[in-house]
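Some notes on the structure that comes next.
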Amino acid sequence: MQTLRHRKKAENRQHMLDTAKRLFIENGYSKTNMEDIAEQAGFGVATVYNYFKTKEGMFAAMGRDDMSEIRALGEAALADLPDDPVEAVLALLKVYLKVFEYISYAVMQEFIIQSKTSGPLHDESERAIGWQRDQVKIALDTAKTSGRLDSGLDTSLMSYVIIDLFIRYTQRISNNRNNKHQFSELRKIINLVLGGWQLK
């Protein structure tokens with residue numbers, strides 16, 4: 001059972017992250033500093049640094065919390081996927097796109113840029129990519145077991161390809177918000193990639 005002290009610490013941490021997210025969305029990640037976050041959250045700077053060693057670490061923690069919720073939504077989606085393998089994969093990708101309900105396109109763009117160098121954001125990005133590949137592989141294995149995909153399909157490799165395509169798609173829509181048109185393009189590409197392995 002959580003003590004009052006632990007509950008208070010968890011509440012403080014969440015308040016700091018919520019404040020940071022709001023400032024990242026309003027001002028941009030690069031234009032927000034730890035002093036801004038501390039002031040807006042109503043804490044001393046030293047207190048914020050007590051919880052998060054760096055701004056990047058705070059950004060990574062924010063991403064980890066958001067992505068853990070999306071991961072749970074992906075797990076729930078796996079229990080009720082469409083029979084069609086292409087539609088099953090697309091259903092998961094739509095779940096992953098819910099990240100834009102948590103952060104803005106501009107913040108995602110900064111996350112992508114910052115995660116290219118080693119550090120907490122890179123680690124968090126790799127973690128998210130890993131479980132997304134695992135979930136897509138489960139969807140493909142399920143379709144394979146049910147006889148809807150050719151038994152010769154390497155589902156590990158295919159899940160890698162699909163998530164790589166999805167990452168590229170996410171990068172594009174972070175730059176260009178017209179994602180409805182681009183999702184139809186992603187649908188065509190996934191259909192093209194998986195189509196040859198489908199069994200009717």
- Task: To the nearest 0.5 Å, tell me how far Y102 OH sits from I25 CD1.
- Result: 12.5 Å
- Task: Report yes if the side chains of I173 and F100 come closer than 4.5 Å at any heavy-atom pair, otherwise no.
- Result: yes
- Message: Any salt bridge linking D65 with K21? Criterion: basic side-chain nitrogen under 4.0 Å from a carboxylate oxygen.
- Response: no
- Message: Quick check on the hydrophobic clustering: are F24 and V45 connected, directly or via other members, by side-chain heavy-atom contacts under 4.5 Å?
- Response: yes
- Pairing of K55 and E35 as salt bridge, 4.0 angstrom limit: no
- Query: Do L140 and V89 touch side chain to side chain, with heavy atoms closer than 4.5 Å?
  - Reply: yes
- Task: State, yes or no, whether a side-chain contact exists between M16 and R13 at a heavy-atom distance under 4.5 Å.
- Result: no
- Task: Evaluate salt bridge (Lys or Arg N to Asp or Glu O under 4.0 Å) for D123 paired with R127, printing each intermediate quantity in order.
- Result: CA-CA 6 Å; D123 296 345; R127 189 179 297 111; over 6 Å; no
- N/O donor-acceptor pair under 3.5 Å between T19 side chain and H15 backbone: yes
- Task: Starting from the C-alpha separation in whole Å, work towards a yes-or-no answer on side chain to side chain contact (heavy atoms under 4.5 Å, CB included) for L194 and L149.
- Result: CA-CA 9 Å; L194 270 183; L149 283 174; 4.3 Å; yes
- Would you say the side chain of Y51 lies within less than 4.5 Å of the side chain of M58, judging by non-hydrogen atoms? no
- Say you draw a straight line from CD of Q135 to CG of L78; how long is it, rounded to the nearest 0.5 Å? 5.0 Å
- How would you list, by chain and number, every residue that makes a ring pair (Phe, Tyr, Trp, His ring centres under 6.0 Å) with F111, sequence neighbours excluded? F59
- Quick one: does S115's side chain get under 4.5 Å of E124's, heavy atoms only? no
- Are any of the side-chain heavy atoms of W131 and M67 separated by less than 4.5 Å? yes
- D18 and R22 ion-paired at < 4.0 Å: no
